[in-house]
Structure formats: structure tokens, C-alpha cells
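Remarks on the structure that follows.
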Amino acid sequence: MYIYDSVKKTKLPFEPIKEGEVSIYVCGPTVYDDAHLGHARSSLAFDLLSRTLKALGYKVTMAKNFTDIDDKIIKKVEETGKSMEEITSFYIERYLEEMQALGVQRADLEPKATESLHAIESMIQKLVDKDCAYIANSGDVYFDTSKDPHYGEISHRVAEDEDALSRVEHTDEKRNPKDFALWKACKGNDDICFDAPFSSGRPGWHIECSAMIEKYFKGSSQYSIDIHGGGADLLFPHHENEAAQSRCVTGHELAKYWMHNGFVQINGEKMSKSLGNSFFLKDALKVYDGEILRYYLNSVHYRNDFNFNEEDLLTAKKRLDKLYRLKKRVSPGKGSVVNKAFKKALLDAMSDDLNISIALAAIDEMVANTNDALDANPKNKALKKETLANIEFIDTLLGFGSKEPFTYFQIGVDEALKEKIETLLAERTTAKKAKNFERSDAIRDELIAMGISIMDTADGTVWEKA
RNA sequence: GGAACCAUCGCCAAGUUGGUAAGGCUGCAGCCUGCAAAGCUGCCAUUCGCCGGUUCGAGUCCGGCUGGUUCCUCCA
């Protein structure tokens with residue numbers, strides 16, 4: 001396995017801290033609103049990582065946190081009058097449902113900030129004790145970046161000059177503009193606060209990840225975890241700050257490898273509410289099946305920018321359709337053993353920093369070769385069974401292809417429409433037998449107008465929803 | 001103002017020890033079909049934003065330019 005380390009900026013052979021085991025921590029969402037396509041992409045990227053490592057034989061432990069204390073959540077509490085718990089549990093549930101629709105496997109650990117307060121407080125206390133942090137008059141606790149000689153090495157901002165245009169917030173409380181809040185003291189009665197030795201207040205954003213990692217992973221004398229992941233935007237300041245905190249407390253680096261996924265744009269434009277482009281995952285799921293969205297969002301390498309648009313999505317669907325048409329040809333039945341060369345091709349591709357493009361090309365090749373062989377010998381049972389096993393492996397490794405093929409091609413067709421289609425097809429078959437091609441072609445045109453394409457096969461006419 | 005990343009066929013997209021451009025969609029031709037669809041076969045970048053440099057050789061390394069994105073503030 002090779003992984004591109006976004007801190008070292010190079011592709012490296014993956015060597016876990018502990019032989020055969022991998023610890024991964026991915027920064028999860030702040031649960032104050034619905035998940036958008038960016039969350040989906042990140043989730044999908046690390047799902048692919050986890051599946052690949054598992055397929056390579058590693059025992060994977062993945063943690064993905066939920067930030068459930070935050071300014072934006074508190075703002076939502078004020079706006080809606082609902083409790084913080086109501087809001088966060090609602091969005092956590094939604095997030096998990098939507099990710100499930102995308103075929104994302106659940107993380108082994110899903111810690112919440114509110115359930116990790118003890119670990120957070122004790123880590124802050126250690127930072128204060130070690131003189132890496134200081135308590136301001138207000139009760140805020142800040143991390144003292146000047147105490148960390150390695151501060152800036154994660155995001156490569158070591159000698160950055162603080163010119164007047166730096167947009168870092170200047171607070172009198174901070175000794176250094178780069179210092180960041182570990183703990184925010186209570187702002188008043190409307191604020192949501194927790195008791196702590198330093199003051200009543202709540203954790204800053206960065207501390208929870210460091211605290212959770214120390215709480216849940218054992219690590220080694222050099223690193224706390226193998227891989228730390230998240231969106232590219234988190235590299236600075238979030239991961240820089242996490243790394244600094246952990247270094248001060250543990251005396252070693254937080255993660256051996258850092259991975260960051262690229263951004264999603266919509267039709268070439270930045271994804272944002274103000275632009276009014278629909279970017280919520282729930283909206284996309286209303287129109288497209290989760291499996292198709294998964295295939296599409298994973299079809300571009302995780303580190304590249306992703307420009308989401310309907311045309312490309314439909315192209316991706318066409319590619320997935322071909323896999324399912326092959327599955328239709330080899331179903332029903334039970335899979336035997338995966339073709340060795342095919343399995344190796346997929347694993348080799350994914351082992352190269354998750355090179356999904358090569359993997360998808362290998363699938364296309366397998367599909368074409370199998371169709372070809374089946375054209376020559378339609379009754380090749382052994383090949384059919386092997387093909388089913390191949391498709392099962394695709395599902396295990398990449399998370400698509402598991403549906404029953406006829407079901408796949410009928411997504412979005414209700415019973416009434418299905419009945420109408422069957423009636424029309426019966427009439428068409430009769431017309432065809434009577435060589436009334438004018439009528440049978442008219443029926444076909446009618447079906448096409450309904451978004452239904454048909455294929456005459458040796459076993460009768462089959463149809464697909466476009 | 002500072003910094004990073006990216007720029008490959010009409011569209012999407014691979015391509016890291018530099019060695020002579022994967023794959024998909026579209027299109028065209030053919031097989032199959034009553035005709036289609038599906039499937040299969042063949043064809044479709046002497047060229048990788050532009051200009052220089054290094055090299056026997058560069059999409060791949062170096063410098064400059066242009067264009068796009070991102071970070072420096074909450075953000076996947």
C-alpha cells in the first residue's frame with residue numbers, strides 16, 4: 001500500500017505502527033446542519049481507504065467524530081429554541097442515514113465532543129501544567145504556539161510573516177495572534193457551558209480530536225495513530241493545531257500519515273448557500289440512487305477537485321449500468337472464486353494511493369471480456385459463477401454492484417408504471433408475432449418517451465429505466 | 001499581501017525511480033437485429049495551457065508566464 005502524505009507531500013509506502021493493524025482518525029462533521037456533497041466525498045474517500053486496507057488484510061480501527069459543541073450549534077439553538085441535544089442528535093441521525101445510503105461503512109468509533117469532555121479537560125490541564133497553554137483573565141484557555149518549535153510544520157507555514165493583511169483575529173487575551181482557544185469561557189446566560197477547573201465554558205474546536213485520539217488509541221512512542229484524515233481545508237489551522245497540542249502532551253507526532261481529500265464544486269462554482277446551488281446530500285439522494293452517487297463521487301481520485309454536475313453523473317451511471325447488465329447476464333446463481341488476475345488488478349490499483357481510475361478501467365475490461373466470452377458461449381456456467389464472484393469482490397472493495405440487477409434497472413418505477421409497462425410489452429409481443437411492426441415500433445417509441453428502454457433477447461423482452 | 005495545489009482527445013479522467021499518452025462518455029464504420037436496444041469488433045491525442053532550460057530522451061524535472069481552485073476566518 002502506498003499513501004500520499006499531504007504533510008510530507010509525497011507518496012510513501014505504508015508501514016503501520018503495529019504490524020497488520022491500522023488506526024485511522026477522520027475529522028467528522030459539526031452537526032448543526034444537513035450534510036452536503038463535500039461531507040459525502042470525504043466520507044466516501046475514507047470509506048475507500050478503510051475497505052482497501054481491510055481487503056489487504058489489515059485490521060482497521062477507524063474513528064470519526066461528531067463535533068456536537070460549537071458556536072454554530074449554539075446559534076441554531078438560539079434560532080430554533082430547540083435544545084442542543086435535539087439539534088445534534090437529529091443531524092447525527094440524518095448524517096448516518098445518508099452516508100448509509102451511499103454505502104459508507106460505519107466507523108468503529110464515533111465519539112462525540114460532549115461525551116469526551118473529561119478527556120478534553122484533562123488534556124487541557126496537561127497543556128497548562130506543561131506550560132504549553134495559559135489561562136487568560138476571562139477564563140479562556142489558549143494554546144501558546146510559541147512554545148512549540150514545530151508549530152507550522154504540518155501546513156508548511158513555519159516562517160510566515162504576520163503582515164498587516166493576515167486575517168488572524170487579534171485578541172488582547174492572546175499573547176500571540178496564532179494562539180488558539182482550547183477552552184472558551186462562558187459568555188453569559190444564553191451560552192452553553194460545562195464546568196471545568198479553569199472556568200465554566202466549552203471546548204475549542206481543535207482540542208476534541210487530539211483528546212479523542214489519546215483516549216481511544218494506544219499509539220507508539222513515535223505516533224498516536226497511523227493515519228489522520230479530513231478535508232483539504234482542515235490542514236490549516238485545524239490539523240496544525242491538533243498536531244501542536246498532541247506534541248506538547250505526548251512528546252511525539254500525532255499521526256504517521258496525513259491524508260486530505262479535495263473539494264467539491266457544483267457546475268464549476270464554489271459550493272455555497274449564497275450561490276443557491278443545491279449541494280445538500282439529501283437533495284441529491286432524492287433524485288439519484290445512493291449507489292450511483294457513490295460511484296460518481298468516487299470516480300475521481302480523492303485528492304483532486306471534484307466538479308459535480310448532472311451530465312457527468314449520468315455518464316458515470318452509464319458505466320455502472322454496464323456492470324449491472326453483465327450481472328443480469330450471469331444471474332441468478334452463486335459466485336464461485338474471484339478471478340485471480342482481476343482481483344490483483346483491483347487491489348494493485350487501490351494500493352496505489354487509492355487509484356480508483358485504474359480500478360474502474362479494470363472493471364470495464366473485465367465486463368467487456370466477459371460479455372465477449374458469453375457471446376461466444378452463452379452457457380458457460382463456470383464463467384458465470386466466476387463473474388458473480390468478481391462482482392461480489394467489487395462490492396466488498398469498492399462498495400457497488402450488490403443490488404439484484406433487475407431491481408437496479410427498476411429504481412424509480414412504481415407498481416402502477418410497472419404494470420403499464422408489462423401491458424404494453426405484452427401487446428408489443430403479440431404485434432411482433434403478427435409481424436405488425438408498425439404497431440410494435442409505436443409501442444417501443446411510447447415506452448422510450450416514458451424513459452423506458454427495451455431490449456429483445458432470446459428469453460423475451462426486457463426493459464430498463466433510463 | 002503571503003502560501004499551496006491544479007491545467008492531458010468534444011466531455012470526464014489515469015499516467016513518481018523521466019523512455020516514447022490507460023479507461024469511460026460522445027462520434028464514425030462493421031457484426032448481430034424485422035428495425036432497434038443491448039452486447040461485441042475496429043477507428044478517433046506524433047500530443048499533454050504557453051515560453052524557455054536540463055537530458056540521448058520530459059506530460060513526467062527546473063525557471064518564467066497565463067488560466068483555475070484552495071488556504072491564511074467557521075468550513076469536508
Side-chain angles (χ1 to χ4, degrees), chain A residues 2 4 6 9-11 26-30 32-33 35-46 67 70-72 75 155-157 159-169 178 205 229-238 240 260-265 268-272 296 299-307 309 311-322 325-326 328-329 349 352-353 355-365 367-376 378 432 435-438 440-441 444-445 447-448 453-457 461-464:
Chain A
Y2 283 80
Y4 181 88
S6 39
K9 296 191 180 187
T10 182
K11 203 188 278 184
V26 180
C27 288
T30 300
Y32 71 102
D33 204 349
H36 56 237
L37 293 169
H39 292 111
R41 165 115 119 133
S42 179
S43 209
L44 248 10
F46 291 103
T67 300
D70 170 88
D71 289 351
K72 289 189 289 282
K75 193 171 163 223
S155 56
H156 304 282
R157 281 158 210 268
E160 194 188 20
D161 44 334
E162 269 123 50
D163 48 52
L165 282 158
S166 171
R167 287 181 283 172
V168 176
E169 186 188 351
K178 284 191 163 15
W205 177 37
D233 52 330
L234 298 180
L235 192 55
F236 189 87
H238 189 51
E240 187 71 61
H260 292 90
N261 64 274
F263 265 56
V264 177
Q265 288 180 271
E269 285 184 58
K270 184 180 172 145
M271 196 166 66
S272 80
Y296 175 50
S299 67
V300 176
H301 186 86
Y302 76 93
R303 272 190 283 123
N304 288 164
D305 285 336
F306 190 104
N307 182 21
N309 68 77
E311 195 187 330
D312 291 346
L313 186 149
L314 262 19
T315 298
K317 180 188 178 299
K318 282 183 186 174
R319 227 174 155 180
L320 219 208
D321 286 351
K322 292 175 88 163
R325 284 198 195 100
L326 175 63
K328 198 155 66 174
R329 274 188 99 170
D352 184 14
D353 193 37
N355 193 327
I356 189 81
S357 292
I358 300 288
L360 295 181
I363 292 172
D364 290 333
E365 194 190 341
V367 170
N369 289 343
T370 310
N371 272 320
D372 199 17
L374 251 23
D375 284 349
K432 269 185 66 178
K435 302 248 189 265
N436 183 355
F437 295 125
E438 202 178 318
S440 68
D441 289 353
R444 180 167 63 201
D445 290 343
L447 285 163
I448 287 169
S453 51
I454 62 171
M455 290 131 221
D456 292 327
T457 74
T461 304
V462 294
W463 60 272
E464 293 178 1

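The structure presented is a predicted model; accordingly, all values stated were derived computationally and were not measured. Letters A, B, ... mirror the listed sequences (proteins, then strands); counts begin at 1.
Regarding contacts with the backbone of B:G39, every side-chain N or O of A:Arg329 stays at 4.0 angstrom or more from both OP1 and OP2. A:Asn261 has no side-chain polar atom (N or O) that falls below the 4.0 Å cut-off from OP1 or OP2 of B:A76. Between A:Lys317 and B:G24 there is no side-chain polar atom (N or O) within less than 4.0 angstrom of OP1 or OP2. OP1 or OP2 of B:C25 has at least one side-chain nitrogen or oxygen of A:Lys322 nearer than 4.0 Å.
Using a 4.0 Å heavy-atom cutoff across all strands shown, A:Ile454 reaches at least one base atom of the nucleic acid. At a threshold of 4.0 angstrom between heavy atoms, the contacts of A:Ser440 include nucleobase atoms, whether or not backbone atoms are also involved. Residue A:Ala45 is out of contact with every strand shown, counting any heavy-atom pair closer than 4.0 Å. Within 4.0 Å (heavy atoms only), A:Val264 reaches at least one base atom of the nucleic acid. Contacts of A:Gly38 with the nucleic acid, taken as non-hydrogen atoms under 4.0 Å apart, include base atoms. Nucleic acid contact for A:Lys432: base, since at least one base atom lies under 4.0 Å from a heavy atom of the residue. Looking at heavy-atom distances under 4.0 Å, A:Glu365 makes no contact with the nucleic acid at all.
Salt bridge annotation for A:Glu240-A:Lys178: absent, with no cationic side-chain nitrogen under 4.0 angstrom from a carboxylate oxygen. A salt bridge links A:Arg319 to A:Asp364: at least one charged side-chain nitrogen sits closer than 4.0 Å to a carboxylate oxygen. Under 4.0 Å is where a charged nitrogen must lie from a carboxylate oxygen, and between A:Lys317 and A:Asp321 at least one such pair does.
Checking B:G34, B:C71, B:A4 against every side-chain atom of A:Asp441, the shortest atom distance belongs to B:G34. Considering only the side chain of A:Met455, B:A37 comes nearest among B:U26, B:U70, B:A37. Residue A:Ala361 places its side chain closer to B:G23 than to any other of B:G23, B:A76, B:G39. Among B:A36, B:C40, B:C72, the nucleotide with an atom closest to any side-chain atom of A:Phe236 is B:C72. The listed nucleotides are B:C71, B:U26, B:G39; the one nearest the side chain of A:Arg325 is B:G39. Checking B:C72, B:A36, B:A76 against the side-chain heavy atoms of A:Phe263 singles out B:A76 as nearest.
The C1' atoms of B:U55 and B:C62 are separated by 12 Å, rounded to the nearest whole Å. A distance of about 10 Å separates the C1' atoms of B:A14 and B:A21, rounded to the whole Å. Taking the P atom of each, B:U70 and B:C51 are spaced 28 Å apart, rounded to whole Å. Taking atom C1' in both B:C12 and B:U16, one finds a spacing of 23 Å when rounded to whole Å.
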* Structure fact -> Under a 4.0 Å heavy-atom criterion, the protein footprint on nucleotides 7-19 of chain B, written with B, S and -, is ----SSSSSB---
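Ring-plane geometry between A:Tyr302 and A:Phe46 is classed as tilted, the angle between the planes lying from 30 to 60 degrees on a 0 to 90 degree scale.
Without hydrogens or angle criteria, A:Ser43 side chain to A:Ala40 main chain gives no donor-acceptor distance under 3.5 Å. Side-chain atoms of A:Thr315 come within 3.5 Å of backbone atoms of A:Glu311 as a donor-acceptor pair (strictly under, hydrogens ignored).
In terms of heavy atoms, A:His301 sits closest to A:Asn355 at ND1-CA, 4.3 Å.
Between the side chain of A:His36 and the base of B:A76, at least one donor-acceptor pair of N or O atoms lies under 3.5 Å. Remark: the A:Arg444 side chain and the B:A36 base include a donor-acceptor N/O pair separated by less than 3.5 Å.
Nucleotide B:A58 is matched to nothing when pairs are restricted to Watson-Crick or G-U wobble geometry with both distances under 3.5 angstrom. Under the Watson-Crick and G-U wobble criteria, each requiring two contacts below 3.5 Å, nucleotide B:C25 is paired to B:G10.
Atom CD in A:Gln265 sits roughly 17 Å away from atom P in B:A76 (whole-Å rounding). For the pair A:Glu240 CD and B:C71 C1', the interatomic distance rounds to 12 Å; values are reported in whole Å. For the pair A:Asn371 CG and B:A37 P, the computed distance is 16 Å after rounding to whole Å. Atom-to-atom, CG of A:Asn369 to C1' of B:C40 comes out at 11 Å; the value is rounded to the nearest Å.
We find the OG-CG distance between A:Ser299 and A:Leu44 to be 10.0 Å, quoted to the nearest 0.5 Å. Note that NE2 of A:His238 is 13.0 Å distant from OG of A:Ser155, once rounded to the nearest 0.5 Å.
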